[in-house]
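Computed from a predicted structure; not experimentally measured. Atoms within a ligand are numbered from 1 in the order they appear, just like the ligands themselves.
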Amino acid sequence: MFDNLSDRLGGILDKLTKRGALSESDVSEALREVRRALIEADVALPIVRSFTDKVKHRAVGAEVVKSIKPGQMVVKIVHDQLVEMLGEESHPIDLNAPAPVCIMMVGLQGAGKTTATGKIARRLTQRDKRKVLMASLDTRRPAAQEQLKVLGEQNEIDTLPIIEGQQPVDIAKRALNAAKLGGYDVVMLDTAGRGHIDEPLMVEMEQIKAVSNPHEVLLVADALTGQDAVNLAKSFDERCSITGIMLTRMDGDGRGGAALSMRAVTGKPIKLIGTGEKSDALEDFHPKRIADRILG
Ligand code: GDP
C-alpha cells in the first residue's frame with residue numbers, strides 16, 4: 001500500500017530548519033505529494049487541480065508554530081479543505097413534502113441502484129416508521145423487476161405488482177397512483193441504467209421525472225468510479241437535477257475519491273453510503289471519515 005500523506009509530507013517538510021511562514025517553494029513541493037495522494041485515491045484530475053490550488057492559497061504564508069511539525073500542519077490544512085469541500089456532516093433523505101413523497105433512484109447499470117432502493121426503503125420502514133412502496137422501472141434488464149420484488153419480500157416492504165411489457169413512464173404513473181390510493185408515505189422509483197451514459201437513458205430519466213415529480217433524485221454511483229465521476233455526476237445533474245448522491249461499495253478497497261469529485265462538480269450532498277450487499281449495509285455519509293480515507 002502507499003505511505004500515508006502524513007509520512008510523505010513529514011519527509012519533505014519536517015527537514016525545514018528555518019521556522020516561520022511556509023514559503024511558496026516549501027508548499028509547492030508538498031503539493032506534489034498531495035496531488036499524488038488524491039490521484040491514488042481516485043479523485044478526478046480537474047478536481048485535484050482546483051483542490052490543490054485552494055490548499056496552496058491557505059498554506060503559503062501560514063506561520064509554522066513550534067509545537068507542531070510543518071508536515072502535520074499541511075496535512076491539517078489538506079484535511080480541513082477536504083472536509084469543507086465534502087460538505088457538512090449530515091444530509092438525511094428529505095421527506096418534507098406531501099405524501100406520497102417520491103424518491104427517484106438514478107445511475108448506471110450495476111451501480112447498485114436496486115440494492116440501494118431496498119436499503120433506503122428498509123431504513124424508512126423500520127427506523128422511521130414510514131409506509132413505503134417500491135417500484136422497479138427497469139424493463140431493460142431481465143429479472144430486474146423480480147430482483148426488487150424479492151428484496152421487498154425479504155424486508156417486508158410492498159412492491160408495485162409487475163405488469164409484463166409495461167413501459168417505464170407508465171409504471172411510474174401507476175406507482176404514484178397506487179401510492180396515493182394505498183396511503184403510502186413514500187414511493188421509491190428504481191429506474192433502469194445503462195452501461196454508460198447515453199441520450200436514450202437521459203431522455204427516459206427526464207420523462208420519468210416529468211410524470212413523477214420526485215422530491216428526491218438520488219444518483220447512485222460506485223465508489224470506485226475514478227476519472228468518470230465528473231462526467232457521470234455532471235450529466236445526471238444537468239439532465240435530471242439530482243438532489244443527492246449515494247456512493248456504493250464503500251466496503252471495498254477504494255479510497256472514495258469519487259465522493260470529492262462528485263460533490264465538487266455538482267455541489268450536491270453525498271447523503272448515504274453503501275457498505276455491503278445486505279439490506280442493512282447502509283450508513284450516513286461522514287465527511288471527516290472519508291477525508292481520512294482519501295488521505296490514507
Ligand atoms: P443496479 O444495476 O444499479 O440496480 O445494481 P444492483 O443493485 O443490482 O447491484 C449490482 C451488484 O452490486 C449486486 O451484486 C449487489 O449485491 C452489489 N452491491 C450493491 N451495493 C453494494 C455495496 O454497497 N457493497 C458491495 N460490496 N456490493 C454492493
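Each of the atoms 3 (O) of ligand 1 lies under 4.0 Å from some heavy atom of Leu108. Atoms of ligand 1 found under 4.0 Å from any heavy atom of Thr275 (numbered from 1 in listed order, with element): 23 (O). Counting the atoms of ligand 1 from 1 in the order shown, those under 4.0 Å from a heavy atom of Gly110 are 1 (P), 2 (O), 3 (O), 5 (O), 10 (C). Atoms of ligand 1 found under 4.0 Å from any heavy atom of Gly274 (numbered from 1 in listed order, with element): 23 (O). Residue Arg141 has at least one heavy-atom neighbour below 4.0 Å for each of these atoms of ligand 1: 2 (O), 4 (O), 8 (O).
Only one option out of Ile245, Ile93, Val106 pairs with Leu218 in a side chain to side chain contact (heavy atoms under 4.5 Å, CB included); it is Ile93.
His196 and Asp228 are not linked by any side-chain donor-acceptor pair at a separation below 3.5 angstrom, with hydrogens and angles left out of the test. When only modelled atom types and interatomic distance are considered, Asp284 and Ser90 share no side-chain donor-acceptor pair under 3.5 Å. For the residue pair Gln147 / Arg141, a side-chain donor-acceptor distance below 3.5 Å is found, with atom types taken as modelled.
Counting protein heavy atoms only, atom 21 (C) of ligand 1 is closest to Gly276 O, 3.5 Å. The protein heavy atom nearest to atom 8 (O) of ligand 1 is Gln147 NE2, 3.1 Å. Here the protein heavy atom with the shortest distance to atom 16 (O) of ligand 1 is Glu277 OE1, 2.8 Å. Protein heavy atom in closest approach to atom 15 (C) of ligand 1: Thr115 OG1, 3.6 Å. For atom 24 (N) of ligand 1, the closest non-hydrogen atom of the protein is Asp251 OD1, 2.9 Å.
The shell of residues lying under 4.0 angstrom from ligand 1, judged by heavy atoms, excludes Gly193. Assignment of Lys119 to the shell around ligand 1 is supported, since a heavy atom sits closer than 4.0 Å.
Criterion: ILVMFWY side-chain heavy atoms under 4.5 Å apart, direct or through other members. Under it, Leu82 and Met85 are part of a common hydrophobic cluster. Val186 and Val211 are members of different hydrophobic clusters when ILVMFWY side chains are connected at heavy-atom separations under 4.5 Å.
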When you look at Asp292 and Arg289, which way does the salt bridge (Lys or Arg N to Asp or Glu O under 4.0 Å) test go after all the steps? CA-CA 5 Å; Asp292 287 343; Arg289 278 191 220 159; over 6 Å; no

Between Thr248 and Asp222, does the side chain to side chain donor-acceptor pair (under 3.5 Å) criterion hold? Intermediate values first, please. CA-CA 5 Å; Thr248 62; Asp222 190 326; 4.7 Å; no

Could you walk me through whether Ser136 and Asp190 pass side chain to side chain donor-acceptor pair (under 3.5 Å), step by step? CA-CA 5 Å; Ser136 170; Asp190 178 21; 4.5 Å; no

Salt bridge (Lys or Arg N to Asp or Glu O under 4.0 Å) between Asp80 and Lys76: does it pass, once the steps are laid out? CA-CA 6 Å; Asp80 289 350; Lys76 182 164 184 325; 2.7 Å; yes

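In terms of polar-atom proximity, defined here as any N/O pair under 3.5 Å, Gly112 does make such a contact with ligand 1. Residue Ala111 has at least one nitrogen or oxygen atom sitting less than 3.5 Å from a nitrogen or oxygen atom of ligand 1, judged on distance alone. An N or O contact shorter than 3.5 Å links Arg249 to ligand 1 by distance. Where the criterion is an N or O separation shorter than 3.5 Å, residue side chain and backbone included, Thr248 fails it with respect to ligand 1. The shortest N/O to N/O separation between Lys113 and ligand 1 falls below 3.5 Å.
Contact annotation: for Met250 versus ligand 1, there are no heavy atoms closer than 4.0 Å.
Counting only residues at least two apart or in different chains, side chain to side chain donor-acceptor pair (under 3.5 Å) contacts with residues 262-275 comprise Glu216-Lys271, Asp237-Lys268.
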